[in-house]
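See below for the structure under consideration.
Keep in mind the model is a prediction, meaning the values are calculated, not measured.
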Amino acid sequence: MTLSNLSYMKKMLFGLLVLICFAFSKANSKLEIYNYGQNGMELVAHSKKGVIIVSTFNSKMTIRQDIAKKLYDLYLANKLVNNKKITVLGCDAEVTGKCVIRKKNSLTAIDFFYEEVNWYSGLKEVYKKIL
């Protein structure tokens, strides 16, 4: 084998590796629409501000507790705004939804409505209500 043939073989091998990387990249992410979900109180906590209840709606069963804890942490850090769409970074997914905060005396209710779940595996799920 000559030096030019060896160089050509290296370029071909490199090109093949790049092609394989693109074939298995996240470009194959899927979009799914779901119309079911879990609704309920996920977290009840006592703080110096009073009782805080975190409820989730249209949530995915496997991540609802994690997202509720993250919402509670965001509330304690004063990073939640009423009637605003936010993205919460969980352990398994990023969840985008609308946050509604209601206060009455020493009771605070945080309602989070899932709209979109971006799983770190590449799957994207969007909630659509059935009429």
Side-chain angles (χ1 to χ4, degrees):
M1 272 187 141
T2 65
L3 189 57
S4 64
N5 284 344
L6 190 57
S7 175
Y8 177 74
M9 293 289 279
K10 285 182 182 179
K11 288 180 184 177
M12 288 297 291
L13 182 60
F14 179 73
L16 184 62
L17 288 174
V18 169
L19 184 64
I20 289 171
C21 287
F22 281 121
F24 291 104
S25 70
K26 280 194 166 186
N28 295 334
S29 61
K30 280 176 62 176
L31 173 67
E32 289 187 8
I33 295 175
Y34 74 99
N35 50 25
Y36 56 89
Q38 303 294 316
N39 298 336
M41 285 190 295
E42 306 301 334
L43 182 68
V44 177
H46 297 275
S47 74
K48 52 188 168 182
K49 295 180 180 181
V51 177
I52 300 167
I53 300 172
V54 179
S55 300
T56 59
F57 299 89
N58 313 318
S59 64
K60 303 304 283 185
M61 182 66 103
T62 56
I63 60 172
R64 60 192 177 109
Q65 290 287 324
D66 177 43
I67 299 300
K69 288 176 186 170
K70 303 280 185 191
L71 285 166
Y72 177 70
D73 292 341
L74 289 170
Y75 176 76
L76 290 180
N78 292 322
K79 293 185 179 178
L80 288 183
V81 180
N82 188 27
N83 283 325
K84 268 292 205 140
K85 186 183 267 194
I86 63 165
T87 299
V88 180
L89 305 177
C91 294
D92 296 322
E94 290 180 4
V95 179
T96 302
K98 185 177 178 184
C99 186
V100 177
I101 302 171
R102 295 176 287 134
K103 294 181 182 184
K104 186 168 185 177
N105 299 326
S106 64
L107 176 66
T108 302
I110 301 169
D111 297 333
F112 184 70
F113 298 87
Y114 281 51
E115 294 176 2
E116 188 175 288
V117 180
N118 289 311
W119 297 93
Y120 296 139
S121 65
L123 175 63
K124 180 178 182 178
E125 292 183 292
V126 177
Y127 178 77
K128 289 279 187 185
K129 186 176 182 178
I130 294 179
L131 300 177

Do [X] and [Y] have side-chain heavy atoms sitting under 4.5 Å apart?
X	Y	result
D111	R102	yes
E125	E116	no
V117	K124	no
L31	V126	yes
I110	L43	no
W119	E94	no
T56	N39	no

Search all heavy atoms of [X] against all heavy atoms of [Y] and return the closest pair with its distance.
X	Y	answer
C91	D66	N-OD2, 2.7 Å
T96	T87	OG1-OG1, 3.1 Å
Y120	A93	CE1-N, 3.4 Å

Side chain to side chain contact (heavy atoms under 4.5 Å, CB included) evaluation trace for F112 with V88:
CA-CA 10 Å; F112 184 70; V88 180; 4.2 Å; yes
Within this structure, what is the [atom1]-[atom2] distance for the pair [X] and [Y], rounded to the nearest 0.5 Å?
X	Y	atom1	atom2	result
D73	K70	CG	NZ	7.5 Å
T62	Q38	OG1	CD	10.0 Å
R64	S55	CZ	OG	11.5 Å
S106	H46	OG	NE2	10.0 Å

Partners passing salt bridge (charged side-chain N to carboxylate O under 4.0 Å, His left out) against K69 (at least two apart in sequence or in another chain):
none
NZ or CZ of K60 within 45° of Y34 ring axis and under 6.0 Å
yes
I'd like to know if [Y] and [X] are part of one continuous hydrophobic network [Ile/Leu/Val/Met/Phe/Trp/Tyr, side-chain heavy atoms within less than 4.5 Å].
X	Y	result
Y36	L123	yes
Y75	V81	no
V95	M41	no
Y72	I53	no
Y114	I86	yes

Flag the pair F57 / F113 as yes when their ring centroid distance falls below 6.0 Å, and as no otherwise.
yes
